[in-house]
K.L.:
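Can you keep this structure in mind? I'll have questions shortly.
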Amino acid sequence: MDKNAITIALPKGRLMPDCVRVLSEVGLRAEEDLSTTRRLLVPSEDGSARFLIIRDKDLPTYVDYGAADMGIVGKDVLMESKRNILEPLDLGFGYCRIVVAQPAATLEPGATSGWGHTRVATKYPYIAQRHFASLGEQIEIIPLYGSIELAPLVGLADRIVDLVSTGETLRQNNLVEVQDVMEVTARLVVNRASMKIKADRLVPIIEAIREQLETRGHGDTRTRGK
Ligand code: PRP
């Protein structure tokens, strides 16, 4: 492999097929199928790059420390990480939204809103805190790792801040959206130092992806996933 190979971090899971497509459109193809391999470090076919396969929440950390020169990650994970990394492109795919939701029953006329402060369950404590601070609302965050929709059903929280894609999870758990927090799509991210030191390698890749996005238009890029 080229000793000047660049390192590209990709998140395992739902975004991977679109990541592979975007990179292969600009000539970056892995030696193996990145969606199925158990290898965590996979060279590109031409040896000019290597791909790291990591958990999406870890991805901004790898890019911030320069262990990866660039990567692809959802805007939700990027914002929640608070990492100081460059975000040159919105790739358009992986569209979903972060919303505030609560049990439908609590919105019915006569429903009591309870006393004291509102408890909000979420896997996005920073994004949720920021959202309610911008509204001047005092809330208590209950940080959770998953199945957030369960929390208001069993009295752990009054509301949730979570991702919505099809809306099916909210519907099946009798929760309704009450506020929009943000829209989420996949972003290309780049380490600040790499952007200077390896500009000759990275800038052509960024520009090639940008051209592909412009040719394709953003209309057909809103696919399921996060
Ligand atoms: C995500 C999200 C919602 C669900 C939304 O959860 O947190 O629960 O998907 O999708 P929908 O609107 O299409 O129903 P995920 O599947 O990642 O599981 P988790 O809650 O355990 O994180």
Side-chain angles (χ1 to χ4, degrees), residues 9-22 34-38 40 52-63 71-83 90-107 118-132 134-135 139-189 218-226:
L10 300 175
K12 58 171 101 171
R14 287 178 230 185
L15 290 184
M16 188 58 95
D18 278 314
C19 293
V20 168
R21 173 183 55 77
V22 164
L34 296 178
S35 296
T36 54
T37 185
R38 291 294 176 102
L40 302 173
L52 305 188
I53 304 173
I54 52 187
R55 279 287 297 270
D56 61 352
K57 285 187 184 62
D58 294 331
L59 198 145
T61 307
Y62 277 79
V63 174
I72 296 176
V73 70
K75 179 68 178 175
D76 54 335
V77 173
L78 178 59
M79 184 173 284
E80 189 66 27
S81 78
K82 298 186 266 176
R83 291 281 174 188
D90 179 347
L91 299 171
F93 62 80
Y95 177 79
C96 51
R97 295 177 304 128
I98 296 183
V99 304
V100 181
Q102 65 188 67
T106 62
L107 293 174
T118 303
R119 290 192 305 207
V120 178
T122 187
K123 54 187 170 196
Y124 300 106
Y126 171 67
I127 291 171
Q129 194 73 63
R130 234 177 58 131
H131 171 73
F132 289 107
S134 77
L135 299 175
I139 49 119
E140 178 187 351
I141 299 280
I142 312 275
L144 296 176
Y145 293 104
S147 303
I148 311 300
E149 293 84 355
L150 181 61
L153 307 184
V154 293
L156 178 59
D158 306 289
R159 291 175 155 193
I160 62 168
V161 167
D162 200 19
L163 280 181
V164 175
S165 180
T166 62
E168 201 49 38
T169 311
L170 289 183
R171 263 193 299 282
Q172 290 197 17
N173 292 290
N174 301 314
L175 300 171
V176 289
E177 283 180 45
V178 290
Q179 288 165 5
D180 258 315
V181 178
M182 64 186 278
E183 295 193 315
V184 174
T185 45
R187 306 300 165 104
L188 188 73
V189 290
H218 282 261
D220 64 345
T221 53
R222 295 189 161 196
T223 50
R224 163 79 169 104
K226 63 171 185 180

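Just so you know, ligand 1 is whichever comes first in the structure, and atom 1 is the first atom listed for that ligand.
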K.L.:
State whether the number of non-hydrogen atoms from other residues, nucleotides or ligands found under 6.0 Å of Tyr62 atom OH is greater than 12.
P.N.:
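Open: at most 12 neighbouring heavy atoms sit under 6.0 Å from OH of Tyr62.
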K.L.:
With backbone taken as N, CA, C and O and side chain as the heavy atoms from C-beta onward, which portion of Arg14 lies under 4.0 Å from ligand 1: side chain, backbone, both, or neither?
P.N.:
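The answer is the side chain.
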K.L.:
Should you measure from each heavy atom of Gly167, which atoms of ligand 1 turn up under 4.0 Å away?
P.N.:
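Atoms satisfying the 4.0 Å criterion: 11 (P), 12 (O), 13 (O).
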K.L.:
Which heavy atom in Pro11 sits nearest to a heavy atom in Met16, and how many Å separate them?
P.N.:
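Shortest heavy-atom separation between Pro11 and Met16 comes out as O-CE, 3.6 Å.
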K.L.:
Output the list of atoms in ligand 1 that are nearer than 4.0 Å to some heavy atom of Glu149, sorted by atom number.
P.N.:
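Counting atoms of ligand 1 from 1, those under 4.0 Å from Glu149 are 3 (C), 8 (O).
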K.L.:
Backbone or side chain, does any N or O of Thr166 fall under 3.5 Å from an N or O of ligand 1?
P.N.:
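Among all N and O atoms of Thr166, at least one is under 3.5 Å from an N or O of ligand 1.
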K.L.:
Shortest non-hydrogen contact from Leu170 to Glu177?
P.N.:
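Shortest heavy-atom separation between Leu170 and Glu177 comes out as CD1-CG, 3.9 Å.
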K.L.:
For ligand 1, indicate whether the residue Asp162 contacts it via side chain, backbone, both or neither (heavy-atom separation under 4.0 Å).
P.N.:
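The answer is the side chain.
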K.L.:
May I ask whether Lys123 has any heavy atom positioned less than 4.0 angstrom from an atom of ligand 1?
P.N.:
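Heavy atoms of Lys123 do come under 4.0 Å of ligand 1.
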K.L.:
Between Gln102 and Asp158, which heavy-atom pair has the shortest distance, and what is it?
P.N.:
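That would be CB-O, 3.6 Å.
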K.L.:
Which heavy-atom pair separates Val189 from Ile72 by the least distance, and what is that distance?
P.N.:
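What the structure gives for the nearest pair is CG2-N, 4.4 Å.
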K.L.:
For a side-chain contact (heavy atoms from CB on, under 4.5 Å) with Tyr124, tell me which candidate from Leu163, Ile141, Val181 qualifies.
P.N.:
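So the option named by the test is Leu163.
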K.L.:
What atoms in ligand 1 come closer than 4.0 Å to a heavy atom of Leu163?
P.N.:
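Numbered from 1, ligand 1 contributes 2 (C), 3 (C), 5 (C).
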K.L.:
Geometry only, no angles: is Leu170 polar-contacting ligand 1 at N/O separations under 3.5 Å?
P.N.:
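For ligand 1, there is no N or O atom that lies under 3.5 Å from one belonging to Leu170.
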K.L.:
I need the atoms of ligand 1 closer than 4.0 Å to a non-hydrogen atom of Val164, numbered in the order shown.
P.N.:
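Per the distance check, 12 (O).
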K.L.:
Against heavy atoms of Glu168, which atoms of ligand 1 measure under 4.0 Å?
P.N.:
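Contacts of ligand 1 toward Glu168, numbered from 1: 12 (O), 14 (O).
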K.L.:
Just which atoms of ligand 1 are under 4.0 Å from any heavy atom in Ser147?
P.N.:
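What qualifies from ligand 1 is 19 (P), 20 (O), 21 (O).
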K.L.:
Looking at Ser81 and Leu78, would you say the former's side chain and the latter's main chain have a donor-acceptor pair under 3.5 Å?
P.N.:
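It does hold such a pair.
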K.L.:
Can Arg97 be said to touch ligand 1, with heavy atoms closer than 4.0 Å?
P.N.:
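No, Arg97 has no heavy atoms under 4.0 Å from ligand 1.
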K.L.:
Take Thr185 and Asp90 through the test side-chain hydrogen bond (donor to acceptor under 3.5 Å, both in side chains) and record every step on the way to the result.
P.N.:
CA-CA 7 Å; Thr185 45; Asp90 179 347; 2.9 Å; yes
